[in-house]
There are 2 protein chains.
Amino acid sequence: MSNLEQRCVEAGLKMTGQRRVILRVLGIAEDHPSVEDVYDRAKALDSSISIATVYRTLSLLDEMELVVRHEFQEGYSRYEVNSEHHHHLVDLETGQVIEFQNEELEKLKEKIAHDLGYELIDHRLELYGKKLKSEK
Amino acid sequence: MSNLEQRCVEAGLKMTGQRRVILRVLGIAEDHPSVEDVYDRAKALDSSISIATVYRTLSLLDEMELVVRHEFQEGYSRYEVNSEHHHHLVDLETGQVIEFQNEELEKLKEKIAHDLGYELIDHRLELYGKKLKSEK
DNA sequence: CTATGTGCAAAAGGTTTGCTTCGCA
DNA sequence: TGCGAAGCAAACCTTTTGCACATAG
């Protein structure tokens, strides 16, 4: 049983065929798939899956924080398995999403929130850019 | 003629009654109104305005960069007049939006993008927090 | 006068939900 | 077997759009 499945069972979810497939799709994804993407990939493994189930499952996983939902100003959501904390840089020319971490940034966010009199619960940082012409 | 109106005329837009009203609503707003909010406020000044016009006008203003569109993960957009660059901290308990600026942050963003081989075109930073209990 | 803008209602696109049936525990 | 889960289609919500009429310049 995969780690994701394990955690679902522990949370009291029934491990249905559909959920197993969706978890598998998410587990092997190397990108940040949209609901439609997850649906298509899941359907390739089990053609009986409906998009309603994909939506319901992703919402559940999001609540359980097994997954992170992103909205990169595209009008729809994209998901990824919740692993290490990181941020995203979206390539405006290709749509490619690059992940990064930055310790200095983490500290700065905490400081800013605290200075404003707030406890930081969540945050979101996205960079949008174009690849620099590297003269090779 | 208000500054916003001025800039619209310069951009070649016809200054209709509806646009004047919408610009006025945006100009005096002290919050970050949703399209529905703008529509309601505009209707109070001119009951003939339709929501389609509000959407069309806000899109135009956004393209012209007279206005900034935000999506605070609420499922709809909010707008504000484009003034000084700043970021937002959303109070998770009240929905209140606090604006802030931070020079260190600006530099850090540029550096991160550059280190990843990108030219930073746009970015988005939102903090979500709860007010600290201040023992007064 | 005419290109641009508006109102209205319908359509679009993503997401949610009611209801019935299915199947895991 | 009983209750959570799935499939299907309709409903929802925000946003966009086609079309006929109105109006700024």
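Convention: sequence-line order gives letters A, B, ...; per-chain numbering from 1.
Within 6.0 Å of the NE2 atom in A:H114, the count of heavy atoms belonging to other residues, nucleotides or ligands does not exceed 12. Applying the 6.0 Å contact sphere to CD of B:E93 captures more than 12 heavy atoms from other residues, nucleotides or ligands. For A:R124, the CZ atom counts as densely surrounded, since its 6.0 Å shell holds more than 12 non-hydrogen atoms of other residues, nucleotides or ligands.
Which of D:dG7, C:dT6, C:dA3 sits closest to the side chain of B:T57 comes down to C:dT6. Nearest to the side-chain atoms of A:I49 among the listed nucleotides D:dT16, C:dG7, D:dG7 stands D:dG7. Looking at the side chain of B:R56, the nearest of the listed nucleotides C:dA25, C:dT6, C:dG5 is C:dT6. The B:A52 side chain lies nearest to C:dC8 when the options are D:dG7, C:dT4, C:dC8. Residue B:Y55 has its side chain nearest to D:dT15 when only D:dT15, C:dA25, D:dG7 are considered.
If you take CG of B:D37 and C1' of D:dC13, they are 15 Å apart, rounded to a whole angstrom. What separates CD of B:E5 from P of C:dG5 is a distance of 15 Å, to the nearest Å. Rounded to an integer number of Å, the gap from B:L60 CG to D:dT17 P is 13 Å. If you measure from atom CD of A:Q18 to atom P of C:dC22, you get 13 Å, rounded to the nearest angstrom. Atom CG of B:L13 and atom P of D:dG25 are 10 Å apart (whole Å). In this structure, B:E71 atom CD and D:dT14 atom P are separated by 13 Å, rounded to whole Å. Atom CD in B:Q73 sits about 16 Å away from atom C1' in C:dT15, given to the nearest Å. The distance between atom OH of A:Y76 and atom C1' of D:dT14, rounded to the nearest whole Å, is 17 Å.
Of the residues near DNA chain D, A:I51 and B:S77, the one whose nearest nucleotide (by heavy atom distance) lies more toward the 5' end is A:I51. Nearest-nucleotide assignment on DNA chain C puts the 5′-proximal partner with B:R19, out of B:R19 and A:G75. Ranked by how close their nearest DNA chain D nucleotide is to the 5' end, B:G17 and B:R69 are led by B:R69.
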For A:D37 and A:S34, run side-chain hydrogen bond (donor to acceptor under 3.5 Å, both in side chains): C-alpha distance rounded to whole Å, both residues' side-chain angles, the deciding distance at 0.1 Å, then the answer.
CA-CA 5 Å; A:D37 290 335; A:S34 65; 3.1 Å; yes

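By the 4.0 Å N-to-carboxylate-O rule, B:E106 lies close enough to B:K109 to be salt-bridged with it.
The phosphate of C:dC8 (OP1 or OP2) has no side-chain N or O of B:S50 nearer than 4.0 angstrom. Between B:T16 and C:dT4 there is no side-chain polar atom (N or O) within less than 4.0 angstrom of OP1 or OP2.
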